[in-house]
There are 2 protein chains.
Amino acid sequence: MRLIVARCEARYTGRLDTYLPEALRLVMIKSDGSVMIHADTGGYKPQNWMTPPTTIDEVPEADDEPAMIVVTKRAGATEDRVEIRITEVLSDVTHDMGEAAALERDGVEAHLQELLADQPTWCGEGLRLVRREWATDIGPVDLMCKDTDDRWVAVEIKRVGTIEAVEQITRYLERIHREPSMADCRGVLAAQSIKPQARTLAEGRDIECVEVDLAVLRGEREPDLTLFG
Amino acid sequence: MRLIVARCEARYTGRLDTYLPEALRLVMIKSDGSVMIHADTGGYKPQNWMTPPTTIDEVPEADDEPAMIVVTKRAGATEDRVEIRITEVLSDVTHDMGEAAALERDGVEAHLQELLADQPTWCGEGLRLVRREWATDIGPVDLMCKDTDDRWVAVEIKRVGTIEAVEQITRYLERIHREPSMADCRGVLAAQSIKPQARTLAEGRDIECVEVDLAVLRGEREPDLTLFG
DNA sequence: CTATTGATTTCGAAC
DNA sequence: GTTCGAAGTCAATAG
């Protein structure tokens, strides 16, 4: 990883055009070809960047022209380009960092779906799973179940239940209902938390809302394990 | 801005839980309180981070315990926390960067709307603009036009035409159609690119899809004539 | 390779 | 303060 603290200006042309007036910034160049230009404020995002795969050319200082770093990337038919004009270098160091271990994550939507697929009754009494990722022509329904009356139930799972989640399951139901044998299919939105407005919208469309707790879902298994432990 | 190159491990608890095994990484601390942990690969995103406003505590090395940087933030009822355990420091430098100039942008959705307002025929043959940002009680229609048959046409403009864009114009049309004089108003989705699923949904709802080219709109490039060849 | 979707999305503006 | 929509969204996964 190369870290350059320098006074610089930058231009980006690609999906749009941007200009970054001259100021003191950090230019970070990763060994995978990532390039990022960070200001000392502005939070998470770099002011300019390019993701791999990139081509990085360093143009040395010459006559009146300052040194320049040119980063390019093929982007379909066109080319993305960042030009960094460096007028003053305060620091320029390179560190060999080797491989970094990957991030381990726990508690994302996929985990929620796994747990609910194993225990679909949390989405509604007596529900039994027929299929995960039930395909429609506008995307897959997370869980397709049947209830105690043998009626179809489409379950959409989200970490956060928003209006958009209600729209999504509504679209699925619209498609599912075209199939005569599934015309009475009902919908359930299951999420760790459901926004009040989403709940209101869902209720107006006869879509049931269920809040589920990751810890409880996992705790449900514990009695079984401890009994034998 | 403080740049620490160090061997470290990190834990995040908040919206989810993550663990980052020990490895060499860059810890970037901005003067606005942003903290980012970057590996030498992995592109644009840090492996761990926290956006302002944060509280940053530095716990010195003691006995068997390595030095630690603890970053916390109030997140509603709960607290987000990143703990960085630093076992070896290769470099630790601080640079005073002052204020960095803001980014200037050109080519965003607003520009597309301006150009199409000037040349609405790109959204449909013979269209003439009646009003930009036509107000409905659920938000403004980007362009309200009339066609050669004097029929109303509501145009929604996006850089990328997604299912959500189709939902949006559908909601608008639903409202517009309540006005008897506009009951025959039709909808057009104009975007630089339109996703296949969005196109399918739009066609099922008799909403027309039009792909437009920014460069062509600006007259920098001739329209693709191969369609007629 | 394209297309879709989740994300600790981030970010900003409108209300 | 909350909500809503855009983003050069990014990045991973499925087809």
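Quick note: numbers below take in every heavy atom, side chains included, and nothing from hydrogens, waters or symmetry partners. Just so it is clear: chains get the letters A, B, ... in the order the sequence lines come, proteins before strands, and each one is counted from 1.
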Point to revise | Given DNA chain D, 5'-ward residue of the pair L103(B) and T51(A), judged by closest heavy atom | key: L103(B)
Practice item. Look at all strands and tell whether M50(B) reaches a base, only sugar-phosphate, or nothing, counting heavy atoms closer than 4.0 Å. Key: nothing
Check your understanding: Which part of the nucleic acid, if any, lies within reach of G107(A) when heavy atoms closer than 4.0 Å are counted: base, sugar-phosphate only, or nothing?
Key -> nothing
Please tabulate, one pair per line, all N/O donor-acceptor pairs under 3.5 Å involving side-chain atoms of residues 41-48 of chain A, not counting sequence neighbours.
unit_1 : atom_1 : unit_2  : atom_2 : d
Q47(A) : OE1    : R25(A)  : NE     : 2.5
Q47(A) : NE2    : A101(B) : O      : 3.1

**Study point:** Integer-rounded Å distance: dT10(C) C1' and K45(B) NZ
**Key:** 9 Å
Point to revise | Pairwise C1' distance for dA14(D) and dT8(C), with rounding to whole Å | key: 24 Å
Check your understanding: Counting any heavy atom closer than 4.0 Å, what does V108(B) reach on the DNA or RNA strands: base, sugar-phosphate only, or nothing?
Key -> sugar-phosphate
Review point. Which nucleotide in the list dA11(D), dT10(C), dG6(C) gets nearest to the side chain of Y44(A)?
Key: dT10(C)
Check your understanding: With no hydrogens and no angle check, do the side chains of Y12(B) and E83(B) hold a donor and an acceptor under 3.5 Å apart?
Key -> no
Review point. Does OP1 or OP2 of dT5(C) have a side-chain N or O of Q197(B) closer than 4.0 Å?
Key: yes
Review point. What interatomic distance, in whole Å, is found between C1' of dA6(D) and the corresponding atom of dC10(D)?
Key: 14 Å
Check your understanding: Are T87(A) and E22(A) close enough that some pair of their side-chain heavy atoms sits under 4.5 Å apart?
Key -> yes
**Study point:** Nearest-angstrom distance, C1' atom, dA7(C) to dA7(D)
**Key:** 14 Å
Point to revise | Earlier contact from the 5' end, DNA chain D, for R105(A) and W49(A) | key: W49(A)
